[in-house]
A.B. asks: 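First the structure, then my questions, so here it is.
Just so it is clear, the model here is predicted, and its values are computed rather than measured. Just so it is clear: chains get the letters A, B, ... in the order the sequence lines come, proteins before strands, and each one is counted from 1.
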Number of protein chains: 2
Amino acid sequence: MVAPSLRARVRAGMLDEIKTVARRHLDTDGANLSLRAVARDMGMVSSAIYRYFPSRDDLLTALILEAYDALGEAVEAADRAVARDDLRGRWHAVCRAARAWALAHPAEYALLYGSPVPGYAAPDDTVGPAQRPPIVLVGILHDGLATGRLTPPPDEELPDPLREDLAEIAAGLYPGMPEALLARGMAGWTQLFGLISFELFGRINRSLPHRDEYFDHQTALMADVIGLPRSP
Amino acid sequence: MVAPSLRARVRAGMLDEIKTVARRHLDTDGANLSLRAVARDMGMVSSAIYRYFPSRDDLLTALILEAYDALGEAVEAADRAVARDDLRGRWHAVCRAARAWALAHPAEYALLYGSPVPGYAAPDDTVGPAQRPPIVLVGILHDGLATGRLTPPPDEELPDPLREDLAEIAAGLYPGMPEALLARGMAGWTQLFGLISFELFGRINRSLPHRDEYFDHQTALMADVIGLPRSP
DNA sequence: CCGATGAGAGAGCACTGCTCTCGTCGAGGA
DNA sequence: TCCTCGACGAGAGCAGTGCTCTCTCATCGG
């Protein structure tokens, strides 16, 4: 491992500082991030930023990538902190961690799961980190199957094309997972995302002051749907 | 009813035309609507738009209001077109109508349910139209209760504060609706929104080509959770 | 030590939302 | 019928944006 030159280290520091300042602007001003404002905050001129990021969208992409990883790390850490065989506890921990991260970083969450920025297409680098939360959720189901604590739902009538799609997804994660169970896991993930988005984008607050309880109840409902056992 | 003056009629026509052109721009360029571009398309100068909308945000608000009403109308029409006692049929019709409207008007859907435009606060006029879809969904539950076709879920252990919140919401819609059932209805609404958003914001297409089947299966799953009877 | 390279500054372009002013023209009242 | 007031559109202008180009200077590698 060769020691990086001074220039390289300074450059890495600048990259970090730009992203930090940009993240701060994101949290206050929302998604329409101003490159010039970031540069101004750093005592630089806007054109200097282009030495580090070829365009504003690239800066956004970097922020999105880091946000995906931060969310994924938070979710995985929450899962790790619970005993492996406490399936329902893991489920709730993961859901709460995702919500907590979103509430703590609303602008970044909006960047990840809000309406796509027009004219901006997320590069392929993002699909990996983006799948970490749902993979954790499905991992709980897999562990439940493996230890026999989770009995898969009765094999309901799935249309063949859908069954094949689900089987292919399962093959990439945990081969042999029953399609109906995977579908329910995805329902849980969709529900989790919908819950957080509703809460964050302000379509629920008015008439539902006790949001923690509501969130826990709704995620518990999905845990029931999936069939996670009640007590560890 | 007094006949509106020529000037008033011309003004109303201009308002409509501006909104129409703006909607067209919305569908192509996304949420960052350019007032100047709209004016250009109408052969006007940008400042002239300000005779009709005091700011860009007000134009956006008008579009949002109309979009809420269009979605609400589509959903209510779908509900009306099904026999009242076919609860599950109504549920699916409403869900499909919402999805179809969203797929047909992605930019407007993003305006309604995507990340909030920074610095823009939706005025109170929007809460009414915004609640039309969930009210339709809950109406299905209410009809099911009234006709005895829907048996409410066992009264699960709801924390008291949550039960009170739900009771208050129920009081404003259908007094006496069991809180646990209302909660499941809201879960269905959250799920529907999450499904559409995932599909529209491109976080699902890659690995799930048969989206119609997936959507129907997921909404059927929520119909099961709510307890809607299988056949009419 | 010296040339190549990276970094920052500054000017400039096309664009944005928005404000202000200035003619013009139509509708309603005297 | 005339006249006044108000609505309307045009145009210039301001501050801000992303981005490009050029110029200068410090740093690094050979």
Side-chain angles (χ1 to χ4, degrees), chain A residues 2-26 28-64 107 111 116-121, chain B residues 2-19 21-26 28-64 107 111 116-121 123:
Chain A
V2 62
S5 71
L6 169 65
R7 219 176 219 171
R9 269 180 294 135
V10 167
R11 180 176 178 83
M14 286 293 288
L15 282 169
D16 271 354
E17 188 177 346
I18 292 176
K19 284 189 280 189
T20 303
V21 174
R23 218 173 349 244
R24 205 168 55 225
H25 271 83
L26 213 60
T28 64
D29 296 350
N32 44 8
L33 179 69
S34 161
L35 257 182
R36 295 181 107 112
V38 172
R40 223 176 291 128
D41 262 26
M42 299 183 59
M44 289 199 330
V45 133
S46 73
S47 59
I49 301 279
Y50 288 84
R51 298 283 177 195
Y52 300 91
F53 293 95
S55 79
R56 198 194 75 129
D57 281 359
D58 290 88
L59 174 54
L60 271 183
T61 300
L63 293 178
I64 288 176
L111 216 54
V117 181
Y120 169 80
Chain B
V2 61
S5 71
L6 170 64
R7 213 172 224 173
R9 269 180 293 135
V10 168
R11 182 177 177 83
M14 286 293 288
L15 283 169
D16 271 355
E17 189 178 344
I18 292 176
K19 283 188 282 189
V21 174
R23 218 172 350 243
R24 205 167 56 225
H25 272 84
L26 213 59
T28 64
D29 295 350
N32 44 8
L33 179 69
S34 161
L35 257 182
R36 294 182 107 112
V38 172
R40 224 177 291 129
D41 263 25
M42 300 183 59
M44 290 199 329
V45 131
S46 74
S47 60
I49 301 280
Y50 288 84
R51 299 284 177 196
Y52 300 92
F53 293 95
S55 81
R56 198 194 76 129
D57 281 359
D58 290 87
L59 174 55
L60 271 182
T61 299
L63 294 178
I64 288 176
L111 215 55
V117 181
Y120 169 80

A.B. asks: Hey, does A:F53 reach any base, or is it just sugar-phosphate, or nothing, if we go heavy atoms under 4.0 Å?
C.D. replies: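 No contact.
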
A.B. asks: Between A:D58 and A:S55, does any side-chain donor sit less than 3.5 Å from a side-chain acceptor?
C.D. replies: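 Short answer, yes.
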
A.B. asks: For A:N32 and C:dT16, what is the distance between atoms CG and P respectively, to the nearest whole Å?
C.D. replies: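 After rounding, the gap between these two atoms is 16 Å.
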
A.B. asks: Starting from C1' on C:dC18, measure out to CG on B:D58 and report it in whole angstrom.
C.D. replies: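 Distance, rounded to whole Å: 13 Å.
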
A.B. asks: Which heavy atom of B:S46 sits nearest to which heavy atom of B:A39, and what is that distance?
C.D. replies: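 Nearest heavy atoms, B:S46 then B:A39: CA-CB, 3.7 Å.
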
A.B. asks: For nucleotides 4-6 of chain D, which of its nitrogen or oxygen atoms have a protein nitrogen or oxygen under 3.5 Å away, and what is each distance?
C.D. replies:
{"unit_1": "D:dG6", "atom_1": "N2", "unit_2": "B:R7", "atom_2": "NH2", "d": "3.3"}

A.B. asks: What integer distance in Å separates B:L59:CG from C:dC18:C1'?
C.D. replies: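 Going from CG in B:L59 over to C1' in C:dC18 covers 14 Å.
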
A.B. asks: Closest approach of A:A31 and A:L111, non-hydrogen atoms and distance?
C.D. replies: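 In terms of heavy atoms, the two residues are closest at CB-CD1, 4.3 Å.
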
A.B. asks: Nearest heavy-atom pair of B:N32 and B:R56: which atoms, and what distance?
C.D. replies: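 Shortest heavy-atom contact: C-NH1, 3.8 Å.
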
A.B. asks: Would you check if A:K19 and A:Y52 make a side-chain contact, meaning some heavy-atom pair closer than 4.5 Å?
C.D. replies: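 With C-beta onward as the side chain, the pair stays apart.
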
A.B. asks: How many Å lie between CE on A:M42 and P on C:dA7, as a whole number?
C.D. replies: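 Rounding to the nearest Å, CE of A:M42 and P of C:dA7 are 13 Å apart.
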
A.B. asks: Starting at CD1 of B:I49 and ending at C1' of C:dT16, how long is that distance when rounded to a whole Å?
C.D. replies: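 The answer, rounded to whole Å, is 14 Å.
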
A.B. asks: Distance check needed: D:dT27 C1' versus A:R11 CZ, whole Å only.
C.D. replies: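 Those two atoms, CZ and C1', are 14 Å apart.
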
A.B. asks: How many Å lie between CG on B:L15 and C1' on D:dG9, as a whole number?
C.D. replies: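 Interatomic distance, CG of B:L15 to C1' of D:dG9: 15 Å.
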
A.B. asks: What closest approach, in Å, do B:A22 and B:L59 show between heavy atoms, and which atom pair accounts for it?
C.D. replies: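 Smallest interatomic distance, heavy atoms only, reads CB-CD2, 4.1 Å.
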
A.B. asks: If the sugar-phosphate is the primed atoms plus P, OP1 and OP2 and the base is the rest, what is the B/S/- string for nucleotides 15-25 of chain D, using protein heavy atoms under 4.0 Å?
C.D. replies: --BBBBB----

A.B. asks: With the side chain counted from C-beta on, respond yes when A:E17 and A:T20 share a heavy-atom pair under 4.5 Å apart, and no when they do not.
C.D. replies: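 A side-chain contact under 4.5 Å is absent here.
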
A.B. asks: For the residue pair B:M44 and B:R51, establish whether any side-chain heavy-atom pair is separated by less than 4.5 Å.
C.D. replies: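 B:M44 vs B:R51: side chains apart.
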
A.B. asks: Rounded to the nearest angstrom, tell me the gap between atom CE in A:M44 and atom C1' in C:dA7.
C.D. replies: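 After rounding, the gap between these two atoms is 9 Å.
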
A.B. asks: Which heavy-atom pair separates B:V38 from B:I18 by the least distance, and what is that distance?
C.D. replies: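 Distance-wise, the nearest heavy atoms are CG1-O, 4.2 Å.
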
